[in-house]
Student: 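Can you keep this structure in mind? I'll have questions shortly.
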Amino acid sequence: MNSITSFADLGLAEPLLRAIADAGYTQPTPIQAQAIPQVIQGGDVLAAAQTGTGKTAGFTLPILHRLLNKPSEQRKPGRPRVLVLTPTRELAAQVEESVRIYGQHTSIRSMVMFGGVNINPQISSLRKPLDILVATPGRLLDHAGQKTIDLSGVEILVLDEADRMLDMGFIRDIRKVLALLPKQRQNLLFSATFSDEIRGLATGLLNNPIEISVARRNTASELVDQGVVLTQQSHKRELVSHIIRGHGWHQVLVFTRTKHGANRLAEKLVKDGLTAAAIHGNKSQSARTRALSGFKDGKISVLVATDIAARGLDIDQLPQVVNFELPNVPEDYVHRIGRTGRAGSPGSALSLVDPSEIKLLSAIEKLIKRPIDRIQVEGWDPSTIVRPPAAEEERRDNAPRGRREGGAGRARTRSHSGPSGRTGAGSGAPDGNRRSSGSRRPAGKPAQASRSPQPGTQGRRRSGQQAALLGKTTER
Ligand code: AMP
């Protein structure tokens, strides 16, 4: 790759450069540097790229550029010039949001459509002129069937996350959509993997494509610094609170296995003086949106989510993920930690593991083909927690909402020492506010040994980013 250093070098139109500057991007990511010139030239693209590589801007920006450079003679209602197909409604919504963000200084009009919601507002929206349509295949075909959409003017087709679309059984729908498009068009296919099936689809679809493959990110890659803290399930809430406060983490996504667990943890964190919110399927869409935007704006520092709720969340360059429980499916671990280290920024993932989860941990390590460091947390001594007996704790966990904990938490509170020995309660986080620093990673001093022995945790200390936060030892 030649040394393209700026978006301006890629030849993007001025309103787009302005939107890029607004978004705070200084440099194209590798996929953007490769895809943007090719798409601007009108060629087909086959790209192996995952979420987190900046792929959305990689196709959205040059598409907007092409539309700006070749305005349509007659923009018609319900007749898009660009069709982006995605496997899920979350991804569709995210892509369309990106189109809006990057196209904010233009008059290009976009729309998103997906199933599971009332079709009528979509039909009304299609009565207005339209440039870019982002859709899931099923609902798009519903509209095509009702003739509320006209696909005969599509100049550019994007298949985003094509592998997931095939996994979800959309191949027939995709073929039906393709049959409705003009033969002469530009095609862009993005997929995390290149299976034979994807190759087959690409062969029939693309003309002389350039192939782009960027380094895999957002897997259990070197970008994500991973660690495991061995602990008891009943200590986890206290421990998460201790770690987050002790290190002053300000943007943490915590995964819990259950909605109830998400609520309980968020309540505990709030009680300990952190700004936290839970998002899961029982929350209304507006509560979820509010929590997410609070998190993005920095008003909420801890978002506690179940896997399902977290799927499709677009959160920029998340520095920290915590697995409150390990997921049952090892692949979900990879997806979860993929939330960190996005678009080149470093990330860190910490998992709290109860003895009953050791089997799950082994399965994850087998999948990612490497051991995960065992970590001891500075200043953490669970024996000092004043807590009800385990059976009582368990009973409370299962009790109806109003009866849980109440004022008992007060008795359990204790002073926590952070890595630099200062008290880490509430906002008095030892590492202070790091939002202004280039890397959002806390720059805590390397941990001083105050390690309380933990069963099965021994061995060498490891240097590294997370070791600066937590006393880190490797068990093996
Ligand atoms: P994507 O792979 O499209 O899901 O993008 C991942 C994240 O990277 C998105 O949240 C974008 O806002 C962000 N992003 C995209 N391009 C850049 C860039 N050139 N510099 C910094 N962040 C970017």
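Numbers here simply count residues along the sequence, with the first being 1.
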Student: Do L83 and L140 make a side-chain contact, defined as non-hydrogen atoms from C-beta onward lying under 4.5 Å apart?
Tutor: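 Side-chain contact under 4.5 Å: yes.
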Student: Of the non-hydrogen atoms in L68 and A13, which two are nearest, and what is the gap between them?
Tutor: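 Scanning both residues, the minimum pair turns out to be CD1-CB, 4.0 Å.
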Student: Are R18 and E14 ion-paired here, with the side-chain N under 4.0 Å from a carboxylate O?
Tutor: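 A salt bridge is present here (some side-chain N lies under 4.0 Å from a carboxylate O).
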Student: Measure across N187 and R185 and return the closest heavy-atom pair with its distance rounded to 0.1 Å.
Tutor: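 Heavy atoms only, the tightest pair is OD1-NE, 2.6 Å.
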Student: Minimum heavy-atom separation for L265 and V304, please, with both atom names.
Tutor: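 Reported closest heavy-atom pair: CD2-CG1, 3.9 Å.
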Student: Side chains of D225 and S348: donor-acceptor distance under 3.5 Å anywhere?
Tutor: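 Result is no, nothing qualifies.
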Student: Please lay out, stage by stage, how E197 and L201 fare under the test side chain to side chain contact (heavy atoms under 4.5 Å, CB included).
Tutor: CA-CA 6 Å; E197 224 184 342; L201 179 66; over 6 Å; no
Student: Using the salt bridge (Lys or Arg N to Asp or Glu O under 4.0 Å) rule, take E161 and K55 through it: C-alpha gap first, then chi angles, then the decisive distance, then the call.
Tutor: CA-CA 10 Å; E161 302 203 354; K55 69 179 167 69; 3.6 Å; yes
Student: In plain terms, say whether R164 and E90 are close enough for a salt bridge, that is, a side-chain N and a carboxylate O under 4.0 Å apart.
Tutor: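 No, no charged N to carboxylate O under 4.0 Å.
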Student: Quick check: closest heavy atoms across P62 and A57, and the distance to 0.1 Å?
Tutor: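 Where P62 meets A57 most closely, the heavy atoms are CD-O, 3.7 Å.
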Student: Side chains of V240 and F324, heavy atoms from C-beta outward: is any pair under 4.5 Å?
Tutor: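 Yes, their side chains come closer than 4.5 Å.
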Student: Run the side chain to side chain contact (heavy atoms under 4.5 Å, CB included) test on V82 and V99 for me, step by step, so that the C-alpha distance in whole Å, both residues' side-chain angles and the decisive distance to 0.1 Å come before the verdict.
Tutor: CA-CA 11 Å; V82 178; V99 170; over 6 Å; no
Student: Please list, one pair per line, the donor and acceptor atoms closer than 3.5 Å that link side chains of residues 110-118 to other protein atoms, with sequence neighbours excluded.
Tutor:
from : atom 1 : to   : atom 2 : distance (Å)
S110 : OG     : E96  : OE2    : 2.8
N118 : OD1    : N120 : N      : 2.8
N118 : OD1    : N120 : ND2    : 3.4

Student: Find out whether T86 and T136 are in side-chain contact, i.e. whether some heavy atom of one side chain is under 4.5 Å from a heavy atom of the other.
Tutor: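 Yes - at least one pair of side-chain heavy atoms lies under 4.5 Å apart.
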Student: Could you check whether D272 pairs with R245 (Lys NZ or Arg NE/NH1/NH2 to Asp/Glu carboxylate O, under 4.0 Å)?
Tutor: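 A salt bridge is present here (some side-chain N lies under 4.0 Å from a carboxylate O).
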Student: Are side-chain N/O atoms of Q233 and E325 paired as donor and acceptor at under 3.5 Å?
Tutor: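 Q233 vs E325: donor-acceptor pair found between side chains.
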Student: Is any side-chain N of the basic residue among E155 and R66 closer than 4.0 Å to the acidic one's carboxylate O?
Tutor: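 No, this pair does not count.
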Student: Which heavy-atom pair separates I132 from L67 by the least distance, and what is that distance?
Tutor: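 That closest heavy-atom pairing would be CG1-CD1, 3.7 Å.
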Student: Looking only at side-chain N and O atoms, does T53 offer a donor or acceptor that is under 3.5 Å from a partner on T29?
Tutor: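 No, no side-chain donor-acceptor contact under 3.5 Å.
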Student: Where do I337 and V224 come nearest, in terms of heavy atoms and distance?
Tutor: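 Closest heavy-atom pair between I337 and V224: O-CG2, 3.8 Å.
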Student: Among H143, R127, Q122, find the one that has a side-chain hydrogen bond (donor to acceptor under 3.5 Å, both in side chains) with T148.
Tutor: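 Single side-chain hydrogen bond (donor to acceptor under 3.5 Å, both in side chains) partner of T148 among H143, R127, Q122: H143.
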